[in-house]
Amino acid sequence: MNTLVRGQKLPIFSGSGLPHNELALQIARQATVPEEAAEDDEEASEFAVIFGAMGITAEEANEFMDDFERTGALERSVVFMNLADDPAVERTVTPRLALTTAEYLAFEKGYHVLVILTDMTNYCEALREIGAAREEVPGRRGYPGYMYTDLAQLYERAGRIEGREGSVTQIPILTMPGDDDTHPIPDLTGYITEGQIYVDRDLNSQGLAPPVNVLPSLSRLMDDGIGEGLTREDHADVSDQMYAAYAEGEDLRDLVNIVGREALDERDNRFLDFADRFEEEFVDQGYDTNRDIDDTLDIGWELLSMFPKEELNRIDEDLLEEYYREEESETVEATADD
């Protein structure tokens, strides 16, 4: 639903107490170069993870290192850690050290590098602290006026260079103060980066893992990294159709709170059922499941087959002929009739 493309910068917007660190560890643990790329060019198949942690507690640091060691991810990782009791000025240097290392591995050694930076909120707090100590003129909410430029200098150090094999892909993580996405840190980050992944507090309270809300989430470069020869030819259509169906199901949930489910017709009830199954079967997968794109798309077709063909108006007819599962739709209709 929000594909990360090589060379992209895609932040995770989270809140205090939400499992963004678990999601980051899962990405670091499971990220690989596609087998096709490795077969085509052994030089390009080298892969590394650079992990930059800023202002984290000793407990979190131990958790990260234990997970890296337990899963073997440490063998291909470079870790920079700045703990909460370390000086603020070190916090401002940490992401620059991580990105310099990433650029060296990518553009000198031909690696594909994934850089995970957590937590950018702690980094910005350090900027504010240092700015106040220097008696600089504050900007919004006391953050320095140059924070946009400073963040851009970090985020824009992602991408690819023509003629070089390697790439630098960034996943910055930030905890939105008060879950407010209009706060200066997520606000400025959203301007600079190419989308965002939202970790949702309501979905987390329901026990979903990872609790990613796909409706406000976005990957602006997704169209360049999916489709035939990259993922699968039905990827874009399935994603668009599921997004539309889930959005309609979410709208109907608000209506059900007012009029009750009995007042809705069969079509509306199908969208409500889809929204529930989408969260339980598609989004919820745990932090140890390593589900590839083909399995994910197959689950998507299984869910979309709840609807009659004429309802799936965002999917090409040739793809419907190939992937649509008639028996799923018939089973749902029989259940509704009972």
Side-chain angles (χ1 to χ4, degrees), residues 1-2 12-20 22-23 176 178-182 186 195-219 234 236-287 289 291 295-315 317 319-320 323-338:
M1 301 290 283
N2 294 285
I12 295 175
F13 284 11
S14 184
S16 180
L18 294 180
H20 44 269
E22 287 85 343
L23 181 56
M176 300 179 289
D179 291 358
D180 178 16
D181 57 10
T182 65
Q196 66 277 329
I197 302 295
Y198 266 86
V199 179
D200 187 84
R201 198 170 291 280
D202 290 338
L203 293 179
N204 185 58
S205 65
Q206 293 171 35
L208 267 64
V212 173
N213 187 350
V214 301
L215 295 180
S217 297
L218 170 69
S219 173
D234 57 326
D237 288 3
V238 169
S239 176
D240 290 348
Q241 189 66 66
M242 284 199 296
Y243 188 97
Y246 182 55
E248 186 156 350
E250 273 285 279
D251 288 342
L252 287 166
R253 283 173 171 173
D254 295 334
L255 186 61
V256 165
N257 291 334
I258 302 169
V259 301
R261 186 151 186 168
E262 299 75 17
L264 302 183
D265 61 18
E266 183 187 329
R267 177 184 178 277
D268 289 344
N269 275 300
R270 190 179 271 121
F271 275 102
L272 280 171
D273 290 338
F274 174 86
D276 292 339
R277 286 190 63 188
F278 178 82
E279 291 174 357
E280 292 163 7
E281 298 174 34
F282 190 86
V283 177
D284 185 28
Q285 54 190 293
Y287 295 109
T289 303
R291 199 168 77 189
D295 292 341
T296 300
L297 287 168
D298 290 343
I299 294 170
W301 276 108
E302 192 177 313
L303 297 180
L304 290 175
S305 295
M306 293 172 62
F307 300 104
K309 273 187 180 180
E310 57 272 15
E311 196 72 61
L312 304 179
N313 53 13
R314 293 169 185 263
I315 299 181
E317 287 185 13
L319 295 174
L320 278 175
Y323 292 104
Y324 183 76
R325 303 176 185 181
E326 200 76 50
E327 68 277 4
E328 286 282 338
S329 181
E330 289 170 2
T331 305
V332 171
E333 284 176 16
T335 307
D337 291 341
D338 293 345

What's the spacing between [X] [atom1] and [Y] [atom2] if we round to 0.5 Å?
X      : Y      : atom1 : atom2 : result
Leu319 : Tyr324 : CG    : OH    : 14.5 Å
Arg261 : Leu264 : CZ    : CG    : 7.5 Å
Ile299 : Gln285 : CD1   : CD    : 7.5 Å
Thr182 : Met176 : OG1   : CE    : 10.0 Å
Asp202 : Asn213 : CG    : CG    : 8.5 Å
Glu311 : Arg267 : CD    : CZ    : 4.0 Å

Can you list every pair that meets ring pair (Phe, Tyr, Trp, His ring centres under 6.0 Å) and has a residue in residues 238-263, with sequence neighbours left out?
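Residue pairs with at least one partner in residues 238-263: Tyr246-Phe278.
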
#### Entry: Arg314 CZ: over 12 foreign heavy atoms closer than 6.0 Å
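Result for CZ/Arg314: open.
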
So, does [X] use its side chain to make a donor-acceptor pair with the main chain of [Y] at under 3.5 Å?
X      : Y      : value
Ser239 : Ala236 : no
Gln196 : Pro216 : yes
Arg201 : Ser16  : yes
Arg270 : Met306 : yes

Between [X] and [Y], is any pair of side-chain heavy atoms under 4.5 Å apart?
X      : Y      : value
Glu280 : Leu208 : no
Arg277 : Asp273 : no
Val199 : Asn204 : no
Val212 : Ser217 : yes
Glu248 : Leu252 : yes
Phe282 : Met1   : yes
Asp234 : Trp301 : yes

Applying side-chain contact (heavy atoms from CB on, under 4.5 Å), run through Leu218 and Tyr198 and close with a yes or a no. CA-CA 9 Å; Leu218 170 69; Tyr198 266 86; over 6 Å; no

Tell me every residue that passes salt bridge (charged side-chain N to carboxylate O under 4.0 Å, His left out) with [X], counting only those two or more places apart in sequence or in another chain.
X      : result
Asp284 : none
Asp295 : none
Arg291 : none

Item to complete: Using side-chain hydrogen bond (donor to acceptor under 3.5 Å, both in side chains) as the criterion, list what pairs up with Asp240, not counting sequence neighbours.
Response: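 So Asp240 forms no side-chain hydrogen bond (donor to acceptor under 3.5 Å, both in side chains) with any residue.
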
Next item on the list: Using side-chain hydrogen bond (donor to acceptor under 3.5 Å, both in side chains) as the criterion, list what pairs up with Asp251, not counting sequence neighbours.
Entry: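 Applying side-chain hydrogen bond (donor to acceptor under 3.5 Å, both in side chains) to Asp251 gives none.
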
Over all heavy atoms of both residues, which pair between [X] and [Y] is shortest? Give the atoms and the distance, please.
X      : Y      : result
Gly15  : Asp179 : CA-OD1, 3.4 Å
Phe13  : Pro186 : CZ-O, 3.5 Å
Gly286 : Pro210 : O-CD, 4.2 Å

- Candidate pair Val238 and Leu304, rule side-chain contact (heavy atoms from CB on, under 4.5 Å), full reasoning: CA-CA 8 Å; Val238 169; Leu304 290 175; 4.1 Å; yes

Walk me through whether Val214 and Glu279 qualify under side-chain contact (heavy atoms from CB on, under 4.5 Å).
CA-CA 10 Å; Val214 301; Glu279 291 174 357; over 6 Å; no

